[in-house]
Amino acid sequence: MSRSRLDIAAALPARLDRKLVRDLLAIRLQALAIALVVAAGVAVLVVSAGMLDSLRETRSAYYDRYRFADVWAPVVRAPDSIAADIHQLDGVAQIQTRVRQPVLFDMPGLSAPASGVFLSVPETGLPTVNRIHLTEGRRPREGQRDEIVLLDGFARAHGLAIGDSVTATIRGGRETFRVVGFALSPEFVYAIAPGQLVPDDRLFGVGWMGRDALEQAADSAGAFNEAALILQPGANERAVIDALDRLLAPWGAPGAYGREDHISDAFVSSEINQLGTMASLLPPVFLLVAAFLVNVVLTRLIAMERAQIGLLKAFGYHSRDVVWHYTKFALVIGAVGLAIGVGGGSWLGRQMAGMYVEYYHFPFLLFELPASVYAASLGVTLLAVGGGAVLAGLRAARLSPAEAMRPSPPPDYSRALGAAIARWKRFDQQSRMILRHTLRWPARAAFTMAGVAISVGLLASSMYFLDATRAMIDAHFYLSNRQDVTVSLVEPRPRAALHAIARMPGVLTAEPVRYAPARLRHAGHEERMALTGAPAEARLSRMIDSDGNPVTAPPGSIVLSRDIAASLGVEPGDRIEVEITEGNRPVFELAIANVATTLIGSGAIMEIGDLNRLLGEDALISGAWLRVDPERTDALYTQLKAAPAIAEVSLQNEAREQFETLMDEGMGTSIYIYTIFAGMIAVGVVYNSVRISFSEREHELAVLRVLGFTRGEVAYVLLGEIALLTLIALPLGCLMGAGLAWYFAQAMSSDLFRLPFIINPATFGYSALVVLIVALSSGLMVRARLNRLDMVAALKTGD
Amino acid sequence: MRSDPSTTQSDASGQPACFTTRDLTRVFGEGSTEVRALRGVELDIPSGEIVVLLGASGSGKSTLLNILGGLDRASGGEFEFRGRDMTRISDTELTRFRRDHVGFVFQFYNLMPSLTARENVELVTEIAANPMPALDALDLVGLADRADHFPAEMSGGEQQRVAIARAIAKRPEVMLCDEPTGALDSVTGVRVLQALERVNQELGSTILLITHNASVAGMAHRVITLADGQIRETRTNESRVEPEALNW
């Protein structure tokens, strides 16, 4: 860098610092490439750790302020007087009883019925548990029976305004309500219909009504069907739940549950866990790469500056001055990376927070970086670049002045690994040069390969999420749940109801289903879930084994999903105890017929007639799975919305589309971001490798030009090495990607879903292609320097 | 200034001269930093001669050699190689020219450290039109028995002789040598000069040799002295001295 062009350096008092600035400017592209790798690591750390912290803080503040329940206790119907008994239980701090009533909304402009739930709020005052946050309007007034507050997302999805009316079928009666407010609730941060996977604001709504009005509409005067509790600090949740279950058993309690089993909180927690995994896994990878890069680049710089270092030491500079000089060099790079990373990460974090607010219905979500994240970013950056620099600096400091001022001897290839290829006659001399150079510095070659492989691996593993989700969608929607519509009845009805449903317009096939809340026990383990009874030859909804074949349960046996079998510690052939928690609460034993692969949700399924028999009932059904004629859905939906016995309708196609949209948008964005990050690593590693190789071999390349080699032939010698290393690294990267994907599959699977370890070959292809393009561009950038090689100048000096 | 009025465009045998230059100039930099390295060089070098270029540092010897070898371009004037105008040809053609016609030997041997002696020679024979076997070239410089050694395993003289073998293996019409003995002791230097002499005799290559050592001029057919970017003197040796008899 010429003095006349840049005077930043001249402004510095210390001469060594001037040298530092000029040296940095001379290798600014390399320095920037390293800074970008640092930046990528810091940005991932800032985004994931910042987001993690923000989400946790927001969740905790929201739950506290709006008194989110710790425990929910549903019952069929219990007198209000029991509330006082519940309050007396050990560990209970607050209790709110309420009426919860499933409804079907009939929304204008939407032919399909939207499922939903109405919840009661006290006629006067605020609920003690599970308060709502009004975003617009007001609460229902005392005695105003037609007033309702709607879930904010649902209202907005339908373009409703305060004062509009909504019609819903509630316990068979069709009623119209006036919307007086929009609200958010900690219970519906992730607003999802029971049994659904992805929120769909249009198809799931929540309404809050005055208690009296809802008691009347739901025909439960003086009674409640759900208690929500806040526990005392330090209370034992398990003990409270057991006490509740005993207390409420006479009133048809299927079993109380805690936040862990609350669908909204479970999804939010799962998201937080995933962020935690990302925050702990990715930044170290980036920063390790950065540390290597700093070390390699500085080592090369020091090699080129041997004579200068010798001179400095001859002038009386201490070794520590030399080490500190090169450490500062790295720190400047680190500071630039840190600045870009924190700036970019905060920006990205705010964008993500915006997406989260859209998707998770928090009343507020501030993306704030706590001091700990700044400290962590600073710490890891210092560790990464400082570590790399000190090692290189120490090597420089060890040189004695006299030794340093002599030109370094030509590298000896005679004892290097590549010497033996002299016998291989197939190689031309340029290829020999490439191979020998690669083998002469195996550590550096390994590092370059590792960098390229990491890029491919990161890309492949982030793309893996698309493959896994696609596999989940295929398994869930195309193999297991092939129904178009699932209909749930308000309460179990005789088999005749199935025939009524089957006769509805557009219904092609109808299969009966019986759900019964149950507790499965084995060797001290207990799982609470809905037992599903389905026809043995069910064609629509079924469970699938690991080979993709449907599995059925012979009489007296049950099929469990793999996660349930695992947590109960059972295998096919074992026997479990089953307690049904409705009706006369029978307890019986069942054999495990088979274990099925369920990627989304969990399941326990048996033959419907068998279940009816064990329940001691006639052929009752809780609902039906339907295959429908897509041309006639409007007519079907109209009938379903008006049918009094139907509590809930879920539409499989809509759910699938919503899932796919989420995948395309949410994951699409993440993959885009990870592609950029992986690209940064690839650029940092490949550009620096080629650039270093160029500066080391500039002389050699000039000589080749002198000898009459064309630019293309010389470029082959320069770029052949990186091409070779990249080609070897690609399959390694794919392996690494597969390993990371396997890790993600383990680390990110939850009770809600299990990521299958399935990677589409195209994922590897895409990842390799992106990295190849990056490598090629980096190579071409350096190749441009070949055109400016000064043959004459190169020959004036020895190497 | 002409080197020899009797040979302008062709040598005694009627062949076109190997190199002809007319009013050749080379200017580096501009304005206050301008350096006029060559100021109107007029030169005719017949084929098959050994020509020694003498002159002080900065006299323009290396600049002239670089232009004749196609490593650099003149700023003005004419330059022909065997009657072909070299001043206006493309970079690709210049590369071709170096590849097909010119062998270089430098003060710093400029071998590829990652290739053995034989491979260094093969580097050139692989791309040459009519090369000799690499071992023959090494034999010519007396290094056939060191063929499989890497540069790091050889002495300076040996490395320089490998460089000569590399230059001659393509049977070049011209060998351009810039201080080939500059970094060598007298015994090794003589061996290198012997190798060059042998190449001149056996292959008929025209050899241009830059040296600071005036006694080396004794082995030349023709001695050209440069000063301040111009040819100060051209003389032909009536009787040449064998390299081993040179007074080092």
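Lettering follows sequence order; numbering is per chain, from 1.
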So which of H149(B), K170(B), R166(B) has the largest heavy-atom pair count under 4.5 angstrom toward chain A?
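Greatest number of close heavy-atom pairs with chain A: R166(B).
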Count the heavy-atom pairs under 4.5 Å between each of H101(B), E153(B), M112(B), R96(B) and chain A, then report the option with the highest count.
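Top count of heavy-atom pairs under 4.5 Å with chain A: M112(B).
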Side chain to side chain contact (heavy atoms under 4.5 Å, CB included) between R82(B) and E173(B), intermediate numbers included:
CA-CA 10 Å; R82(B) 294 198 183 287; E173(B) 287 150 87; 2.8 Å; yes
With a 4.5 angstrom heavy-atom cut-off, could you sort out which part of [X] is near chain A: side chain, backbone, both or neither?
{"X": "E122(B)", "value": "both"}
{"X": "L115(B)", "value": "both"}
{"X": "D91(B)", "value": "side chain"}

If you check every heavy atom in residues 706-715 of chain A against those of chain B, which residues fall under 4.5 Å?
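Only V706(A), L707(A), G708(A), F709(A), T710(A), R711(A), E713(A) of residues 706-715 of chain A have a heavy atom under 4.5 Å from chain B.
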Could I get the full list of salt bridge (charged side-chain N to carboxylate O under 4.0 Å, His left out) partners for R785(A), not counting sequence neighbours?
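So R785(A) forms no salt bridge (charged side-chain N to carboxylate O under 4.0 Å, His left out) with any residue.
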Check whether any side-chain N or O of R26(B) sits under 3.5 Å from a backbone N or O of L64(B) as a donor-acceptor pair, and report yes or no.
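No; judged by distance alone, with no hydrogens or angles, the pair does not exist.
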Mind checking whether W441(A) and Y413(A) have parallel, tilted or perpendicular rings, split at 30° and 60°?
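Correct class here is perpendicular.
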Over 60° means perpendicular and under 30° means parallel, so tell me whether F19(B) and F97(B) are parallel, tilted or perpendicular.
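Taking F97(B) first and then F19(B), their aromatic rings stand perpendicular (interplane angle over 60°).
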Counting only heavy atoms not in D228(B) (residues, nucleotides, ligands), do more than 12 fall under 6.0 Å from its CG?
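It does not: D228(B) CG has 12 such atoms or fewer within range.
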Got more than 12 heavy atoms from elsewhere within 6.0 Å of CD, E30(B)?
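No - once you tally the heavy atoms of other residues, nucleotides and ligands closer than 6.0 Å, there are 12 at most.
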Less than 4.0 angstrom from a charged side-chain N to a carboxylate O is my criterion; do R444(A) and E721(A) meet it?
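Between E721(A) and R444(A) there is no salt bridge, as every charged N stays at least 4.0 Å from the carboxylate O atoms.
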